[in-house]
Each structure stands twice: as C-alpha cells, then as structure tokens.
Amino acid sequence: MAQHKQITRDEVAKHNDEKDCWIIIHDKVYDVSKFLDNHPGGPDIILESAGKDSTEGFEDVGHTEHARKLLNDHFIGDLVLSEGEKVNRAQKKERTAGGSGTAISPVIILAILLVVAAVVYQTFLQ
C-alpha cells in the first residue's frame with residue numbers, strides 16, 4: 001500500500017484563499033482550488049473553511065455519493081494528528097463501539113411503562 005503524504009494542520013492553514021484552497025475532511029487533506037468555481041453551492045461555501053477542517057460542514061449538508069467520489073480527485077495527503085487528537089479519537093471510538101449494547105432502547109422503556117400502566121389500571125381502578 002502506498003504511503004500518502006503526511007500534512008500538518010499548520011501546513012493546511014497556509015492554503016486559505018481562492019487561489020490556493022486546501023480543506024480537511026475526515027482527516028484527509030484536499031486541494032480544492034481548481035474545484036471552487038464548479039462547486040454547486042458556489043465557492044464561498046468552501047472558502048469559509050479554507051485552510052481548516054470542513055468535516056462537520058461537509059457532513060451537515062448531506063453530500064451525495066457522487067460528491068464524495070469527487071473528493072478523491074483532489075486528495076493530496078493525510079492529516080497528521082496530534083497526540084491529543086489521537087487520544088480523543090480512540091476514546092470516541094470506544095464510546096461508540098461499546099456503548100451501543102448497554103443503553104436501554106426507548107421501545108423497551110415504552111413497553112415497560114405500558115405494562116406498569118396496565119397493572120396499575122387492573123389493580124386500582126377496577
């Protein structure tokens with residue numbers, strides 16, 4: 001597997017205008033300078049996060065699979081994560097992976113409440 005170029009946040013931050021625009025999405029760095037005028041939402045949307053992490057904005061919009069594939073054409077490297085970022089990501093992964101089996105489903109809570117209500121009704125109101 002080919003090793004991708006490793007790029008720091010400081011390096012990305014230097015590329016923050018319409019002539020030289022890099023963004024970060026999901027810890028991948030993209031040079032979208034040549035794509036700005038082709039972006040369906042206009043260049044200003046991308047320029048708002050030029051030189052920064054655009055992951056949240058990208059996901060909030062709900063981009064299509066086609067848009068996600070277009071990113072590959074502009075990929076230039078992987079973001080270098082700080083130690084703190086690595087720890088935060090690992091903790092988030094643990095919570096996401098481990099937490100799904102321990103929470104009580106809202107459906108189960110509703111079912112329990114209905115059973116309790118039926119018992120109360122049968123016992124006290126008849």
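Predicted model, so just to flag it, every value in this text is computed and none were measured. Just so you know, residue 1 is the first one in the sequence shown, and it goes up from there.
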Student: Which atom pair, heavy atoms only, marks the closest approach of A50 to C21?
Tutor: CB-SG, 3.6 Å
Student: Give the cluster check for V116 versus I109: same hydrophobic cluster or not, with ILVMFWY residues linked at side-chain heavy-atom distances below 4.5 Å.
Tutor: yes
Student: Just verifying a value: how many Å separate R68 CZ and E65 CD, rounded to the nearest 0.5 Å?
Tutor: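 So the CZ of R68 and the CD of E65 are separated by 6.5 Å.
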Student: Treating N16 as the side-chain partner and A13 as the backbone partner, does any N or O pair qualify as donor plus acceptor under 3.5 Å?
Tutor: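 Pair found, side chain donor or acceptor close to backbone of A13.
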Student: So, are E85 and R9 salt-bridged, with charged N and O less than 4.0 Å apart?
Tutor: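 Result for this pair is yes, salt bridge flagged.
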Student: Got a donor-acceptor contact below 3.5 angstrom from the H63 side chain to the F58 backbone?
Tutor: yes
Student: Give, for atom CG of N72 and atom OH of Y30, the distance between the pair rounded to the nearest 0.5 Å.
Tutor: 6.0 Å
Student: Report whether I23 and F75 are members of the same hydrophobic cluster (ILVMFWY, side-chain heavy atoms less than 4.5 Å apart, transitive linking).
Tutor: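 Yes, it is one cluster - the side chains of I23 and F75 are joined through contacts under 4.5 Å.
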Student: Should D73 and L70 be marked as a side-chain contact (heavy atoms from CB on, under 4.5 Å) after you check the CA-CA gap, both sets of side-chain angles, and the distance that decides it?
Tutor: CA-CA 6 Å; D73 296 338; L70 280 176; 3.9 Å; yes
Student: Salt-bridged, D78 to K28, with N to O below 4.0 Å?
Tutor: yes
Student: In Å and rounded to the nearest 0.5 Å, what is the CZ to NZ distance from R89 to K93?
Tutor: 9.5 Å
Student: Please find the pair of heavy atoms, one from T55 and one from H26, that lie closest to each other, and give the distance.
Tutor: OG1-N, 2.8 Å
Student: Looking only at atom types and distance, does a side-chain atom of E56 sit under 3.5 Å from a main-chain N or O of S54, one as donor and one as acceptor?
Tutor: no
Student: Please tell me whether T8 and D10 have a donor and an acceptor in their side chains that are separated by less than 3.5 angstrom.
Tutor: no
Student: Taking L113 as the starting point, is it possible to reach I108 by hopping between hydrophobic residues whose side chains are less than 4.5 Å apart?
Tutor: yes
Student: Cut-off 3.5 Å, no hydrogens considered: what does the side-chain donor-acceptor table look like for residues 37-47, sequence neighbours left out?
Tutor:
| unit_1 | atom_1 | unit_2 | atom_2 | d |
| --- | --- | --- | --- | --- |
| H39 | ND1 | G41 | N | 3.1 |
| H39 | ND1 | G42 | N | 3.4 |
| H39 | ND1 | G42 | O | 3.0 |

Student: State, to 0.1 Å, how close Q3 and Q6 come at their nearest heavy-atom pair, and which atoms those are.
Tutor: NE2-NE2, 3.8 Å
Student: Checking one residue: W22. Which other hydrophobic residues are in its cluster under the side-chain 4.5 Å linking rule?
Tutor: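 Under the 4.5 Å side-chain rule, W22 groups with I7, V12, I24, V29, I76, L79, L81.
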Student: Just verifying a value: how many Å separate L36 CG and D17 CG, rounded to the nearest 0.5 Å?
Tutor: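 So the gap between those two atoms works out to 9.5 Å.
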